[in-house]
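To start, the structure under review is shown below, and the notes come after it.
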Amino acid sequence: MISRLCELIWADWIWFPEGHGWGDLTDHDGKVYPKPKDLWATIPIALCFLVIRQIFERKVAIPLAVLLGVSDKQRVQASPNPTLESHFCSTSKHPPQSSIESLSKQTGWSVRQVQRWFRRRRNQDRPSKLKKFREASWRFTFYLLAFFAGLAVLIDVSITSEPPLVPSQYWYYMIELGFYVSLLFSVASDIKRKDFKEQIIHHVATILLISFSWLVNYIRAGTLIMLIHDAADYLMESAKMFNYAGWRKTCNFIFTLFAAVFIITRLVILPFWIIHTTMVYPLTLYRPFLGFYFFNGLMCVLQVLHIFWAALILRMVIKFLPGNDIVEDERSDKEETESEDEDNDHERREKSKNGHMQNGHTPLNNNHRKRH
């Protein structure tokens, strides 16, 4: 039963066009071709990335953050309250006004105190600026090195119809795939942005795409796809780093450059050159097969995500260009700010008035200050 299932899974008609099969990828005449067992190497590589990342963030990212002036504002901690904590964890982090009034009665606190508690509690769960910088600097370092490695590997790719495998291509594939697997391993501890679900879909689709291109020897297409992604990614991460450091002009310049590279590579080169080559040109040579639909289906998934992110990027560009202000990441969850002086003033008012608020006071939640 198991052997039959394996035979079905690895049947030539699933992975290759008619007239081709796994026999075409057998090593011969000194030429080495990709093998399915090679992909197992990505697991230990991914685990190594997790260890290297921890060392990098402590030994490189943190000193670099200090050098660039990245600093976190002191956050006021929410006071312990079992009733509010239970509601926060199990019901809602953003309770409606009716729930706030109900919680106010349960705790004996004023509505203003309950609102302030939830605001402070939400801020506690938000990642610090230093944590964001550490993550961005790690990804920037990898994407930058991977981009130049991809350029070097591209030179090694043969122009024949059946390019053999060379060592540089092997390591480029294994390291890139291992990195994306490590991102899935660390998803629980990484910063969760508004496009978290889209990021997970992107990581899974990328892993499947890289793996499939390796199995069927689509090395040229796979190398170009990874290179195109890395070309814009390191610019995005560097813009984040300077954003967290408060370097306005540098951040704006790099982000503008990133937006241009992103649109050119992912909305022009990828769909009109690479996807056209993998989806349209093969139909002139052979009939579609299951692997053809699978590979190009993943390409279309990535392209839809690229269009989604391009819309976010254009929104950010439109926002910052007229005012010449710093770029805000549309995907990030903004921290709710408050003034300590206003806090103290309201606390004194609440104590003196037994929790009742009067009209005409200064608003507590002043969210109009610019974040740097």
Discussion item. More than 12 heavy atoms of other residues, nucleotides or ligands under 6.0 Å from CD of Q97: yes or no?
Written reply: yes

Item to complete: Report, as yes or no, whether the 6.0 Å neighbourhood of atom CH2 on W10 holds more than 12 heavy atoms from other residues, nucleotides or ligands.
Response: yes

Report yes or no: do [X] and [Y] belong to one cluster of Ile/Leu/Val/Met/Phe/Trp/Tyr joined by side chain heavy-atom distances under 4.5 Å?
| X | Y | value |
| --- | --- | --- |
| F56 | V66 | no |
| F294 | I14 | yes |
| I264 | V261 | yes |
| L144 | F262 | yes |
| Y33 | W40 | no |

Practice prompt. Using the side-chain hydrogen bond (donor to acceptor under 3.5 Å, both in side chains) rule, take R120 and N123 through it: C-alpha gap first, then chi angles, then the decisive distance, then the call.
Written response: CA-CA 5 Å; R120 291 177 175 176; N123 282 340; over 6 Å; no

Which pair of heavy atoms, one from [X] and one from [Y], lies closest together, and at what distance?
| X | Y | result |
| --- | --- | --- |
| T265 | A231 | CG2-CB, 4.5 Å |
| E237 | A136 | OE1-CA, 3.4 Å |
| C251 | A239 | SG-O, 3.5 Å |
| L285 | Y281 | CD1-CE2, 3.7 Å |
| S168 | V153 | O-CG2, 3.6 Å |
| F133 | A61 | CE2-O, 3.4 Å |

Discussion item. Run the ring pair (Phe, Tyr, Trp, His ring centres under 6.0 Å) test against Y293 and tell me which residues pass, sequence neighbours left out.
Written reply: none

Worksheet item: Are R119 and Q115 close enough, and set up right, to give a side-chain hydrogen bond (donor to acceptor under 3.5 Å, both in side chains), and what steps lead you there?
Response: CA-CA 6 Å; R119 181 172 58 251; Q115 290 173 334; over 6 Å; no

Flag the pair [X] and [Y] as a salt bridge only when some basic side-chain nitrogen lies within less than 4.0 angstrom of an acidic carboxylate oxygen.
| X | Y | value |
| --- | --- | --- |
| K105 | E101 | no |
| D190 | K131 | no |
| E135 | R139 | yes |

If I take atom [atom1] from residue [X] and atom [atom2] from residue [Y], how far apart are they, to the nearest 0.5 angstrom?
| X | Y | atom1 | atom2 | value |
| --- | --- | --- | --- | --- |
| L302 | L209 | CG | CG | 6.0 Å |
| S211 | Y180 | OG | OH | 12.5 Å |
| W309 | E198 | CH2 | CD | 7.0 Å |
| T107 | I100 | OG1 | CD1 | 11.0 Å |
| K197 | I201 | NZ | CD1 | 9.0 Å |
| M226 | I175 | CE | CD1 | 10.5 Å |

[Y] backbone acceptor or donor facing [X] side chain under 3.5 Å:
| X | Y | value |
| --- | --- | --- |
| R122 | K93 | yes |
| N252 | K249 | no |
| W247 | L68 | yes |
| H20 | F16 | no |
| N296 | M299 | no |
| T223 | I219 | yes |
| D233 | F140 | no |
| S102 | S99 | no |
| H229 | I225 | yes |
| Q113 | S110 | yes |

Worksheet item: Between H87 and F118, does a side chain to side chain contact (heavy atoms under 4.5 Å, CB included) hold up when you go through it step by step?
Response: CA-CA 10 Å; H87 188 93; F118 274 95; 3.8 Å; yes

Given side chains that start at C-beta, do those of [X] and [Y] come closer than 4.5 Å, heavy atoms only?
| X | Y | value |
| --- | --- | --- |
| W15 | F289 | no |
| F272 | L267 | no |
| M241 | L64 | yes |
| P271 | R266 | no |
| L25 | W22 | yes |
| F185 | L47 | yes |
| W273 | I269 | yes |
| T256 | V317 | no |

Item to complete: Please report the C-alpha distance between L183 and F179 in whole Å, then the side-chain angles of each, then the deciding distance to 0.1 Å, and finally whether the side chain to side chain contact (heavy atoms under 4.5 Å, CB included) criterion is met.
Response: CA-CA 6 Å; L183 293 181; F179 179 77; 3.7 Å; yes

Discussion item. Show, in sequence, the C-alpha distance, side-chain angles and deciding distance for F142 and F49, and conclude whether the ring pair (Phe, Tyr, Trp, His ring centres under 6.0 Å) test is met.
Written reply: CA-CA 10 Å; F142 175 82; F49 268 127; 5.5 Å; yes

Worksheet item: S213 and Y173: side-chain hydrogen bond (donor to acceptor under 3.5 Å, both in side chains), yes or no, with the steps?
Response: CA-CA 10 Å; S213 67; Y173 257 80; 3.1 Å; yes

Discussion item. Pair M174, L39 - check side chain to side chain contact (heavy atoms under 4.5 Å, CB included), show working.
Written reply: CA-CA 7 Å; M174 295 303 108; L39 296 177; 4.0 Å; yes

Worksheet entry | Full working for side chain to side chain contact (heavy atoms under 4.5 Å, CB included) between L312 and F308 | CA-CA 7 Å; L312 295 181; F308 167 76; 4.0 Å; yes

Item to complete: Look at the aromatic rings of H306 and H202 and report parallel, tilted or perpendicular, splitting at 30° and 60°.
Response: tilted

Worksheet entry | Whether Y218 and F212 hold their rings parallel, tilted or perpendicular, with breakpoints at 30° and 60° | perpendicular

Discussion item. For K35, run the side chain to side chain contact (heavy atoms under 4.5 Å, CB included) check against D27, T26, L165 and tell me which one passes.
Written reply: D27

